[in-house]
Protein chains: 2
Amino acid sequence: MRFHSPAIQYFHAVRRTGSIRAAARVLNVASSAVSRQIIKLEQEVGSPLFERSARGLTLTTVGEMLARHVMNVLQDLDRFRSDVASLSGAWHGTVSIACIESLTESVLPDLIASHRGRARRVSFTTEVKGSSDVLEALSRGEADIGIAMALRHPPDLRQVALKRFRLGAVVAHDHPLARRKTVTLPQCLAFPVIHALPELSIYHLLQPLIAQLSETPEPAIQANSIDLMRELAARGVGVAFQTQLGIGRLSRDSRLVFLPLDNAGSPVWSDLGIYVRAERTLPAYTESFLQELVRELGERERRESAAYPQVA
Amino acid sequence: MRFHSPAIQYFHAVRRTGSIRAAARVLNVASSAVSRQIIKLEQEVGSPLFERSARGLTLTTVGEMLARHVMNVLQDLDRFRSDVASLSGAWHGTVSIACIESLTESVLPDLIASHRGRARRVSFTTEVKGSSDVLEALSRGEADIGIAMALRHPPDLRQVALKRFRLGAVVAHDHPLARRKTVTLPQCLAFPVIHALPELSIYHLLQPLIAQLSETPEPAIQANSIDLMRELAARGVGVAFQTQLGIGRLSRDSRLVFLPLDNAGSPVWSDLGIYVRAERTLPAYTESFLQELVRELGERERRESAAYPQVA
DNA sequence: ACATGTTGATGCCGTTTCGGCAACAGCTAT
DNA sequence: ATAGCTGTTGCCGAAACGGCATCAACATGT
């Protein structure tokens, strides 16, 4: 199905690769063909679309506008294709997900496994990044669904849902704190602590609270991997901080205990946002998975708030 | 700017005109060229897009899917163009409005006049239709903004705003009812009444209420023009029913009096919805007018509810 | 029933567009 | 300076496109 003029597709490839020759390789055409189509586009728009440097091409302002249009066109073409395909019973396609690490332990694998149990011909691509990189990948059209900390999101993204989970301390089952129902930050800081590095959003949630305390913290470990922090906590190295989302299996094995943080009587929330590009209609199979994702996270949010009724 | 393949444009023209030869005339090309592009499209999609009859072409299911995609593409191309144009200071374009008659007396002319006072290079196309025709024109991409009675709208439209106005009786200044603050339906039916025909939504608002009454109505006039009904009321022919939106000037001239309807102690609402196609980003100049329209209707809603505080 | 005017589709042919090859100039890093 | 990359350009064959004339199928009017 080659609906749209080659110029559109070539432009898209050049934008992604940042180079005409690289785009030509991806497209399996001669670089001269790509170069000419770009020049033709620029003549029709009446303004240059890229700034040429010796290293490659960068979008101009007008180029970014066209990129937005082209992305809308190609993503909607995908949706159209899937609509036509599903008309003849073929329900297939690839769902591309960009998400933060907290989801990789149980939420995402559970969901993908169960979804593929029902829809075998739907493939998945998942990429784990930091929150801001998730949003960026979404904006650039490199992912269909994004899950990230709910900070301010650019206007070209739409927040489909917002789920809040309690930030808590994670300790080994034989840790002195393990028998408590909740913990306060000072209680945790009396023990060795596994801190998140600034690239993790947990850092930005806890830092302001820690800064208010005047105590001298115990010697601490710092890490940028939720996975690593969790495993360190399981080995009794110290107290880690994260949401309950990331400790599903280890919590079931009774090796780890999750203790909701109590900050002067009120919970510490970690807000998780689900995002999609605003100017876009998702293919049916993607929309279907998105609904399940929202439902599942909503379910976990509900279960958590039932397990740990709000203190304040 | 001929970005997109001729097939897309030809398909769009054929869909609108319902005929290959008519589309060819509009496009200033030979009909054979159009015919071939359609056939090529059908081969690429792998399914016929039109059903050929001797009279012309009708979209198939797949055709309608493609029509949706093509509409998204072409409308987004328009937006892109206006974005590029506004970058070089040129703020121009055409805002296409489909609305029901209630707006034509004062809301729309006021708004368009004041908007053009500020943005001279923005043109307007307005088409007055019945509520369901307004929504249909919007779905077909024949208008940018639709204003209609807020009944159930198809999922491809988005309700930008919902404003409620009181339905009321409209009488000449020397009518026996004119000195009242509000009126009930039985009070009105004691006088000659100017009824709306079923094609107007006022009919569907009032009919259920009238049906509940057991009284024998006075001989009545029926009409399908808000304008005509209003002018008849101004001449003392009888009691008309409509919202306050349609009697701005005549009310200021003190020739007409608006009396909110009181139905068993509660107002009778007429819900006005503002709609746009959901799968679309509006050009900046259209979005700008849309905001003003929403603001203005909100303002009128506010002023009305202040003038006639709710009875219930 | 017949003629006439539509409709969309097709074969033929000139024009335009597109893409591949090779060569070029400009820049960077070794 | 050399080697390796970038994007661009001239040349030429191939593919796509559009116009004209024509066709069969159907609707309409007499």
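In the text below, chain A, chain B and the rest are named by the order of the sequence lines, each starting its count at 1.
The separation between Phe50(A) atom CZ and dG7(D) atom P is 10 Å, rounded to whole Å. Regarding Tyr10(A), its OH atom lies at a distance of 16 Å from the C1' atom of dG7(D), rounded to whole Å. As rounded to whole Å, 11 Å separates atom P of dC5(D) from atom CZ of Arg55(A). The CZ atom of Arg2(B) sits 13 Å away from the C1' atom of dC18(C) (whole-angstrom rounding). Look at CG on Leu57(B): it is 15 Å from P on dC26(D), rounded to the nearest Å. Atom pair Leu49(B):CG and dG8(C):P shows a separation of 15 Å (rounding to whole Å applied). For the pair Arg25(A) CZ and dG7(D) C1', the computed distance is 13 Å after rounding to whole Å. The distance from atom CD of Glu42(A) to atom P of dT8(D) is 8 Å, rounded to the nearest whole Å.
Phosphate proximity of dC18(C) to Lys40(A): present, with a side-chain N or O under 4.0 Å from OP1 or OP2. Close to dA9(C), at under 4.0 Å from its OP1 or OP2, lies a side-chain N or O of Arg52(B). Checking the phosphate oxygens (OP1, OP2) of dT17(C), no side-chain nitrogen or oxygen of Gln37(A) falls inside 4.0 Å.
Distances from the side chain of Ile20(B) to the nucleotides dG20(C), dG8(C), dT8(D) place dG8(C) closest. Relative to the side chain of Ala33(B), the nucleotides dT10(C), dG18(D), dG7(D) differ in distance, and dG18(D) lies closest. Closest to the side chain of Ser32(B), from the set dG19(C), dG18(D), dC20(D), is dC20(D).
At distances below 3.5 Å, at least one donor-acceptor pair connects side-chain atoms of Glu101(B) with backbone N or O atoms of Ile226(B). Judged by distance alone, with hydrogens and angles left aside, the side-chain atoms of Gln9(A) form a donor-acceptor pair with the main-chain N or O of His4(A) at under 3.5 Å. Between the side chain of Asn224(A) and the backbone N or O of Leu197(A), no donor-acceptor pair lies under 3.5 Å. The main-chain N or O of Ala90(B) is never found under 3.5 Å from a side-chain atom of Ser88(B) such that the two would form a donor-acceptor pair. Side chain of Asp144(A) to main chain of Ser96(A): a donor-acceptor pair is present (N/O by atom type, distance under 3.5 Å, no hydrogens or angles).
Judged by distance alone with a 3.5 Å cut-off, a donor-acceptor contact links the side chain of Arg36(B) to the base of dG19(D). Between the side chain of Arg21(A) and the base of dG4(D), no donor-acceptor pair of N or O atoms lies under 3.5 Å. Judged by distance alone with a 3.5 Å cut-off, no donor-acceptor contact links the side chain of Ser19(A) to the base of dC5(D).
Checking Ala22(B) against Pro6(A), the closest nucleotide of DNA chain C that is more toward the 5' end is the one next to Ala22(B).
Looking at heavy-atom distances under 4.0 Å, Ile39(A) makes contact with sugar-phosphate atoms alone, never a base.
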